[in-house]
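One structure is given below, encoded as structure tokens.
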2 protein chains.
Amino acid sequence: MGWHYAALEERFRRIAGIQGALAILDWDTAVVMPKKAAPDRGEQLAALRRVAHDLLTHPETGEQLSAAEAETDLDPWQQANLREMRRKYRHAHSLEPALVEALARATTRCEMTWREARARADFALLAPELEEVVRLTREAAQVTGAALGLEPYDALLDAHQPDLRDAEVVPLFDRLAAELPPLVESILAHQAKMPEPLRPQGPFPPARQKELGKALMARLGFDFDAGRLDESTHPFCGGTPSDIRITTRYREDEVASALMGVLHETGHALYEAGLPKAWRGQPVGEARGIAVHESQSLIVEMQACRSPAFIRFLAGELRGTFGDDPAFAPDNLVRLYHRVERGFIRVDADEATYPLHVILRHRLERKLIAGDLAVADLPAAWNEGMRELLGIVPPDDRLGCLQDIHWPVGGFGYFPCYTLGAMLAAQLFRTAEGQIPGLLAAIGRGDFAPLLHWLREKVHGVGSKPSFAELVRNATGGPLAVEPFLEHLRARYLAR
Amino acid sequence: MGWHYAALEERFRRIAGIQGALAILDWDTAVVMPKKAAPDRGEQLAALRRVAHDLLTHPETGEQLSAAEAETDLDPWQQANLREMRRKYRHAHSLEPALVEALARATTRCEMTWREARARADFALLAPELEEVVRLTREAAQVTGAALGLEPYDALLDAHQPDLRDAEVVPLFDRLAAELPPLVESILAHQAKMPEPLRPQGPFPPARQKELGKALMARLGFDFDAGRLDESTHPFCGGTPSDIRITTRYREDEVASALMGVLHETGHALYEAGLPKAWRGQPVGEARGIAVHESQSLIVEMQACRSPAFIRFLAGELRGTFGDDPAFAPDNLVRLYHRVERGFIRVDADEATYPLHVILRHRLERKLIAGDLAVADLPAAWNEGMRELLGIVPPDDRLGCLQDIHWPVGGFGYFPCYTLGAMLAAQLFRTAEGQIPGLLAAIGRGDFAPLLHWLREKVHGVGSKPSFAELVRNATGGPLAVEPFLEHLRARYLAR
């Protein structure tokens, strides 16, 4: 192993240590921090982000990278690690500290204003600050794009899903935008012939919800000696691969969707836990991008846990935990978990309409970054897009273009990953079904070991060694495609 | 405000941010971390300690300090801040990184071995690694001492209680070593004439213990919007001034001493919370040293909460929470909380015998650092010291020189602070009683506001602006002395 490469491993191990500390502090902020600690916590996070950034962008890092790239004795994992180090360096190093700071300040301010603007359904309040965020993000995307040889919007995509280009996204999404609206129409017509599902009535004591959630997480393969389940206002999966922190929220009158939320986050957790142990703390040992991460939560939630086979199993678990609610009848529970509805809110959407919400955002954010859409025109463009894609128009901007936190915090290029992840999940699951005899039958007994074993080998354990496209091809035999996802929807929602 | 001084404030703010993050990670490690996360947590802590050390010892820090010391427009707080910055820099900068690393490795190894050696009462197992820790600590003390113009042991004291010198400690401790053994003898004779206290029988449900503990913390002035009470194996007070994390441990069959432990930690917490808000994150805004910190936990626990007036109040609270246990009779509870016993274990000792445990350790560690006592001879010297000071000899080294973690982790120069803190607590409380009419009567009603107000002004709010000696003189009118402590013991234990 080369001398310069070894020095880089040491440097990135330290950066990973700082980022692991940041992940634990983020958990602490959301789960246990007392409220008056917020200003001090801000200082702590800023100090750690700054030292991590300084370590990554230090002139020595660039010198070590160039020297290591001339070393010839690296094995394939080390070569991939060096490639990922270079990618991180390029992304971070291209931006002037002044621009990074301006973006951090602008997004912090914009997020605060967004909370108020959303509560008051007042887009005009947000507009000036969102304009500033868009302006600075565009500037950063241009600078980073120039450094990476990419178009500005591709530079943003690349930061979330390395190697993803808009030229690949557009045809996939155009196809979905053409196919999904009539498919949703058919699903709704088909659904109208079936009885409305009963909703569980409760009360569902949080302690028992937690117990059942933990039991299901353990079934999925979550290791409670290397992770936790806690509570926070906004559920998430954080922490580090050896210390995975899932959160959820309990309501006495709701159990079905909250439980599915825990299983969704467990999908993220299993990916982190399954990353190659020998490469912990190194770039090549990290998850292969946001789209792949979403595929892992969605393969667990949408493909495995919302399969009729598993829902029937879950019906027994719910009855065992909470007693005999008529809504826990297996057929009813399947109808409940397979309910499709055109709605205004993305995070409440079912898997059939969800991509339409994403496609809307993708179309708009591309134009915002390209300068082809002014922030002031966003509400009208949003409502027009909703009419076209979903056939409904939100009554106000709170249920429209004010609903998501992503843009106010500068998260452009992230939305497409949700739907690419859903597509990849369908494609992976179809492949797994073809390769694992009795996969769905096992899942129907609450046995996820065959699926997890397969995912460990094809997705989790390869870390960031392959590119995104290589990972997809190695795991599924072909490039990312729309068909498996559409076929999954037809099979689940029309063939019943 | 000078340009160089301003740059130093910025640098130390970042260091404080990193150290605040470290404090939260330490809490996380003790309270919530899953066990398999330990190796990754080690990486995180090492990375943060390293960057904090690098920021402090950076050549720029030294240049900025020299330049700022030539700036003439600093106000008294800024001057004191600069003095404290220089002190921290001197302590950290004097040591070669190789020695710092060798010490970190040796103490980590020694701590692990100590756990096993203590469990097996096997000093021979510990000896070689403790020798290495002593050798490296001595070397570091010599180097730092040379840089600070101090004797080696004084350099160790100075790291825990700035400006404290062994030449001040020795006469105080010699006086205590002469006075306390006959005083303890008298107390035990006096105590023998009274009935043995009944012990509360329980069971005491942890949830209710917690509720009562939190109610008492709130009475003392603890702000639960800026701190928490949680559980850990070894109780401590950590976190940061705006986010104070106290922990305790619950046993179904014990309530009296655990509750007093919570009140003790609350004393530490009130000090941190009362530090000058305008100087958060700056050296002058920190606590004035370990001895002063101990004085604040002990003034709350020993002076205020173990006063007969408060114990009688507490008896009512205990009855209200747990019902009528005969041990909660006020007179019995006073006898229970004022029980004096010669024992082997420091942390279980009462306030009359505790200083003898400390004096023993002080005498031994001075010799270890001076090279006048070999590690191999420690058990014999320990037992001889116990015989001389307490009149008892431990049956094995688990109850003797293996009981404390301090030396295995390199904590030399810390022990004296416990007893100096106890002395200062008595001296402060006597002064407060003289200045606040009805102080004890208020405490007897569970009203700590007058005491807290006084401590905020005299101790908490001055931060590290005065030296240790100045703080003591400003608050009590004279230098730290033995008499107030001895008089407190005579009044409490002989005059009843």
Side-chain angles (χ1 to χ4, degrees), chain A residues 10-29 31-55 58 222-230 239-246 272-273 277 280-282 285, chain B residues 10-29 31-55 58 222-230 239-246 272-273 277 280-282 285:
Chain A
E10 179 55 31
R11 176 177 297 263
F12 278 86
R13 182 172 299 116
R14 276 172 69 193
I15 295 171
I18 296 163
Q19 281 164 341
L22 278 163
I24 298 301
L25 288 181
D26 283 338
W27 174 90
D28 189 275
T29 304
V31 178
V32 295
M33 187 185 79
K35 65 184 181 189
K36 289 182 185 167
D40 277 16
R41 179 56 47 83
E43 293 280 340
Q44 293 159 15
L45 296 174
L48 295 199
R49 288 196 191 108
R50 170 75 184 270
V51 294
H53 183 82
D54 286 355
L55 272 170
H58 198 283
F222 188 90
D223 178 359
F224 281 96
D225 285 337
R228 299 176 52 89
L229 174 66
D230 295 282
T240 68
S242 68
D243 188 5
I244 297 171
R245 308 278 176 105
I246 290 181
E272 290 288 317
K277 291 209 169 39
R280 289 264 166 95
Q282 296 298 319
Chain B
E10 179 55 31
R11 176 177 297 265
F12 277 86
R13 183 173 299 117
R14 277 172 68 195
I15 295 172
I18 296 164
Q19 279 163 343
L22 277 164
I24 299 301
L25 288 181
D26 283 338
W27 175 89
D28 189 276
T29 305
V31 178
V32 295
M33 185 186 80
K35 63 185 182 189
K36 289 182 185 167
D40 277 17
R41 179 55 48 82
E43 293 280 338
Q44 293 159 15
L45 296 173
L48 295 198
R49 287 197 192 108
R50 171 73 185 271
V51 293
H53 183 81
D54 286 356
L55 273 169
H58 199 282
F222 188 89
D223 178 358
F224 282 97
D225 285 336
R228 301 175 51 89
L229 173 65
D230 295 282
T240 68
S242 69
D243 189 3
I244 297 171
R245 309 278 176 105
I246 290 180
E272 290 288 316
K277 290 208 171 37
R280 289 264 165 95
Q282 295 298 319

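A note on names: the letters A, B, ... follow the listed sequences, proteins ahead of strands, and every chain is numbered from 1.
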Looking at chain B, which one of [options] has the largest number of heavy-atom pairs inside 4.5 Å, strictly under?
| options | answer |
| --- | --- |
| R41(A), R280(A), R13(A), R50(A) | R50(A) |
| L45(A), I24(A), T240(A) | I24(A) |
| A21(A), G239(A), A47(A) | A21(A) |
| A16(A), P241(A), G227(A), G42(A) | G227(A) |
| I18(A), V32(A), L48(A) | V32(A) |

For the CZ atom of R14(A) and the CD atom of E43(B), what is their distance to the nearest 0.5 Å?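 Reported value, rounded in 0.5 Å steps: 11.5 Å.
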Against chain A, label R228(B) side chain, backbone, both or neither, depending on which of its atoms sit under 4.5 Å from a heavy atom there.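 Side chain only.
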Examine whether an atom of L25(B) lies under 4.5 Å from a heavy atom of chain A, and if so say whether it belongs to the side chain, the backbone or both; otherwise answer neither.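 When you check distances to chain A, only side chain atoms of L25(B) fall under 4.5 Å.
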Output all residues satisfying side-chain contact (heavy atoms from CB on, under 4.5 Å) with K36(B), sequence neighbours left out; order by chain, then residue number.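 Residues passing side-chain contact (heavy atoms from CB on, under 4.5 Å) with K36(B): D223(A), D225(A), A226(A).
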All side-chain contact (heavy atoms from CB on, under 4.5 Å) counterparts of R11(A), not counting sequence neighbours: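 Partners of R11(A) under the side-chain contact (heavy atoms from CB on, under 4.5 Å) test: I15(A), L55(A), H58(A), E60(A), T61(A), Q64(A).
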Mind checking whether D40(B) and D243(A) have side chains closer than 4.5 Å, heavy atoms only?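 Not touching, per the 4.5 Å side-chain cut-off.
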If every non-hydrogen atom of M33(A) is compared with every non-hydrogen atom of R245(B), which pair is closest and at what distance?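 Nearest pair, atom of M33(A) first, then R245(B): CA-NH2, 3.9 Å.
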Of the non-hydrogen atoms in P34(B) and S242(A), which two are nearest, and what is the gap between them?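 Residues P34(B) and S242(A), closest heavy atoms: CG-O, 4.5 Å.
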